[in-house]
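This one's a predicted model, so the numbers in the text were calculated from it and none came from an experiment.
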Amino acid sequence: MLGREGGRGRPDRVYAERVTDEDKPVRVLLAEDQGMMRGALALLLDLEDDMEVVAQVAAGDRIVEEALAARPDVALLDIELPGRSGLDAAAELRQRLPECQVLILTTFGRPGYLRRAMEAGAAGFLVKDGPVEELAGAIRRVLRGERVIDPALAAAALSAGPSPLTQREQDVLNAAADGATVADIAGRLFLSESTVRNYLSAAIGKTGTRNRMEALRAARQNGWL
């Protein structure tokens with residue numbers, strides 16, 4: 001059994017005799033919405049002699065609460081999670097639990113995501129297609145104070161440059177994601193309809209697209225949202 005979400009006991013291991021911090025297992029929180037992937041990662045990390053998965057969550061809005069309860073050394077976070085983005089949770093974790101290192105592990109190797117992860121205070125960013133040995137090594141490295149970034153993604157981020165969208169343009173695009181009308185977006189963001197149209201027009205121009213939905217798609221593909 002991999003245990004229930006939010007943490008699990010480890011009755012088969014006894015750590016009472018350990019007396020130094022160096023001898024204690026690395027405590028890992030794992031945030032991943034796909035149950036099979038989450039279970040596999042937990043199992044593989046628990047096979048490492050110096051690691052223990054102390055909490056598992058399937059939704060982004062549970063990350064901080066579980067981290068404050070379990071006090072992990074490393075939080076291994078996916079980006080696209082129900083309830084809340086892993087990037088948003090990472091930023092709050094850095095404020096409320098600064099001793100916990102954040103390592104982003106995602107399917108989506110997008111340059112914009114890497115930039116946002118670094119801005120949120122993440123210590124590392126890896127894509128999921130790497131071997132588990134690489135992941136375990138990355139966890140150990142961030143605990144030593146190193147920054148671990150997928151090399152190919154780092155090169156792509158440097159060539160892509162920062163997001164061209166302002167925060168308000170991002171807000172308006174996000175609000176348009178469910179097909180909301182200009183009036184709906186204006187009401188949600190407390191803006192005038194003309195201001196919303198201006199932001200949408202600017203976002204469409206900056207993304208080189210033809211309409212708001214294409215702009216939204218392009219922004220997501222680049223990791224700007």
Taking side chain to side chain contact (heavy atoms under 4.5 Å, CB included) as the test, write out the residues that go with Ala138, two or more places apart. Leu103, Leu126, Val148
Mind checking what makes salt bridge (Lys or Arg N to Asp or Glu O under 4.0 Å) contact with Asp171, not counting sequence neighbours? Arg168
Only counting residues at least two apart or in another chain, list the ones meeting side chain to side chain contact (heavy atoms under 4.5 Å, CB included) with Ala219. Leu165, Leu173, Trp224, Leu225
Partner residues of Gln101 under the side-chain hydrogen bond (donor to acceptor under 3.5 Å, both in side chains) criterion, sequence neighbours left out: none
Side chain to side chain contact (heavy atoms under 4.5 Å, CB included) partners of Ala202, counting only residues at least two apart: Glu169
List in chain and number order the residues that pass salt bridge (Lys or Arg N to Asp or Glu O under 4.0 Å) with Glu146, two or more places apart in sequence or in another chain; answer none if no residue qualifies. Arg141, Arg144
side-chain hydrogen bond (donor to acceptor under 3.5 Å, both in side chains) filter on Arg71, not counting sequence neighbours, yields Glu99
Quick one: salt bridge (Lys or Arg N to Asp or Glu O under 4.0 Å) partners of Glu92, sequence neighbours excluded? Arg84, Arg96
Quick one: side-chain hydrogen bond (donor to acceptor under 3.5 Å, both in side chains) partners of Ser201, sequence neighbours excluded? none
In chain order, what residues pass the salt bridge (Lys or Arg N to Asp or Glu O under 4.0 Å) check against Arg217, with sequence neighbours excluded? none
Ala136: side chain to side chain contact (heavy atoms under 4.5 Å, CB included) partners, not counting sequence neighbours: Glu48, Met51, Arg140
With Ser85, which residues qualify under side-chain hydrogen bond (donor to acceptor under 3.5 Å, both in side chains), at least two apart? none
